[in-house]
There are 2 protein chains.
Amino acid sequence: VSSRAGLVNRQVILARRPLGIPQAEHFDVTSSLVPALDPGQLLIRNHYLSVDPAMRGWVNEADNYRAPVPLGSVMPASAVGQVVESRSDHFGRGALVVGRFGWQEYAAVQAELVDRVVEPDDRLAPSLALGVLGANGLAAWFGVREVLRPSPGDTVVVSTAAGSVGSAAGQIAALMGCRTIGIAGGASKVDMCLEGFGFTAAVDYHSPSFAADLRAACPDGVDRYFDNTGGWITDQVMSLLNVHASVAICGTASLPVGDAAPMGPRWERRLLTRRARVEGVLVGDFREGFPDAVRQLTDLVRSGHIAYREDVSQGLDSAPSAIAGLFEGANTGKRVIRLVG
Amino acid sequence: VSSRAGLVNRQVILARRPLGIPQAEHFDVTSSLVPALDPGQLLIRNHYLSVDPAMRGWVNEADNYRAPVPLGSVMPASAVGQVVESRSDHFGRGALVVGRFGWQEYAAVQAELVDRVVEPDDRLAPSLALGVLGANGLAAWFGVREVLRPSPGDTVVVSTAAGSVGSAAGQIAALMGCRTIGIAGGASKVDMCLEGFGFTAAVDYHSPSFAADLRAACPDGVDRYFDNTGGWITDQVMSLLNVHASVAICGTASLPVGDAAPMGPRWERRLLTRRARVEGVLVGDFREGFPDAVRQLTDLVRSGHIAYREDVSQGLDSAPSAIAGLFEGANTGKRVIRLVG
């Protein structure tokens, strides 16, 4: 009989299929006993759970880069947790790891679902492995450095600039010598872009003068655009693209998911006349570069060159409504759920 | 007194500003005396004039990659002609050259407007320097080889596949080992794609079953798309893009020109979920590679590996209606106007 006999695991289950943004009522919180481990498995006690805009796409039935989450299964999510039992040679008991452990208190998983070990660090919270030192920071890192590849002096525009990915993207571009223009919703997020994340300028897309403000912030046009929204915000940036400009589409927060795409102005002539490039970016395609990028990001965060914000809620019961909160712009910084610690 | 004293030059002048596709009534044909040459200038007698879809964009006042042609000036165009008088050290009398000489019988131009010398060749008509051995073939060459960079076995779709650029693009992709799918308007152009240009399959966008036909021709999806149309034809191809697909926008024949873009389904989510790339391509950006590409294209045309078609009309008076003809799909192959020879 192992030490965890009779352990109860609380889990967030996708119970109903949403059409669009998932709300609290699409999930159930259930309890079950932790199963016995198979050879090669780990039992993880989750400390922090991630909440990501991409989850909207995962739970809808529309065309996406992965199959929809099946009804009745645990909501997939990245999490930071501690190995409390191991039947794997790769990770011993006590190790702090980040991986695809789902929205639950305990995860009995194959060791392959571990993305990396989180080294203890006095100054860096382990939850950062879900944000600036995890998928968010890595999406910014590879989106800016490998896809956009700006030159010093370039004007780089970032949408959702006060968010976890956008704030990192702006700071990485600034470290490359670029002028960085943040797009965010509301005066307090604009302030955060300027004061917290060092954008050269920031504009509020809630403002009726947004289009003119953006144009004024980009007097030499736009060379690179790190896009997390799509839609009408993106249309305003597209109209300012310079010759040989590049756009990285890293998120589509302003667009509905669904198989019928919403309508918008066609980009073809703008792309042709400016010889511009638009490219979709998923961080998972850059997996081979993660270890080195995490090392560099860790150094930049430790040395204060990259700032971040976290928005932490307490307890598994805060998970079901958390995705909807992201799309309401309610959070400031990376949204994580603390279970332990 | 030079040998050309009193020579009358007939010219096609942009007389009225079109809104959209220029028709015959937007041009006047006028006569004037050939001017005396300044130092560094050449007098060219034009033999063949080019007619290009891009001319629509040049004469409209809308945003484009070059300033609109001023009213009252000679219509710009590539042409093949013979140097009949030279005050330049670079080209002697008698040389056959291709360059930006305009829609006129004689052009008094700076030697810099010559793109290259056309070597006499028993088997290759000099007019090919305007088509498969000129901007059209070069757009296909660089668009496929430098921008799309397909791998052997890739499914490559080409729109306006029976046209001068599209037919070359399909054949260049086939030489790289790709499955090539042509999109053309009408049964005879579909036949031309299959019989004349060796496409693996070809589909008729006039057919009510176009979307299903295209899907059936691309059972493994679309890896690369060489696009000359934009608009609803392109939307059908976009819906079939594979992961890491690439699209080169080389023309927008199906779209109006104008500062207000027409509406269409937004591509953002498709590009993101497929990590696909869309890029505008103008052949002029590849100027440094022209000499080598012309040599290779010449060898491929001479050896029969790249077939072409020309649609030749006689005389300067056929020019004013020629652009409109392109957009009606009236021509088969590269449209040129013969003045001499």
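So that the names make sense, note that chain A is the first sequence line, chain B the second, and so on, each numbered from 1.
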- Item | Which atoms of A:Val247 approach chain B - backbone, side chain, both or neither, heavy atom under 4.5 Å | neither

- Message: For B:Val147, which atoms come within 4.5 Å of any heavy atom of chain A: side chain, backbone, both, or neither?
- Response: neither

- Taking atom CG of A:Leu19 as the centre, report whether more than 12 heavy atoms of other residues, nucleotides or ligands fall under 6.0 Å from it. no

- Message: Please identify which of these residues, A:Asp235, A:Thr234, A:Thr252, meets the side-chain hydrogen bond (donor to acceptor under 3.5 Å, both in side chains) condition with B:Arg266.
- Response: A:Asp235

- Distance col, row A:Trp267:CH2 vs B:Glu268:CD, nearest 0.5 angstrom, shows 3.5 Å

- Contact part of A:Arg66 toward chain B, heavy-atom cut-off under 4.5 Å: side chain, backbone, both or neither? neither

- Note on the structure: Here the pair of heavy atoms bringing B:Leu272 nearest to A:Ile249 is CD1-O, 3.2 Å

- Note on the structure: Answer key: most heavy-atom pairs under 4.5 Å with chain B among A:Val243, A:Val257, A:Asp227 is A:Val257

- Note on the structure: Under 4.5 Å to a heavy atom of chain A? For B:Asp285 that would be side chain

- Note on the structure: Heaviest contributor of heavy-atom pairs below 4.5 Å to chain B, chosen from A:Ala248, A:Gly231, A:Gly230, is A:Gly231

- Item | Interchain contact, B:Arg270 with chain A, by part (heavy-atom threshold 4.5 Å) | side chain

- May I ask you to check whether over 12 heavy atoms, not counting those of B:Arg100, lie within 6.0 Å of atom CZ? yes

- By a 4.5 Å heavy-atom criterion (distance strictly below it), what part of A:Leu255 contacts chain B: side chain, backbone, both, or neither? side chain

- Message: If you compare all heavy atoms of A:Thr273 against all heavy atoms of B:Leu282, which two are closest, and at what distance to 0.1 Å?
- Response: O-CD1, 4.5 Å

- Per-residue tally against chain A (heavy atom, under 4.5 Å) across B:Ala261, B:Pro265, B:Cys250, B:Gly251 peaks at B:Pro265

- Honestly, the part of B:Val281 sitting under 4.5 Å from a heavy atom of chain A is backbone

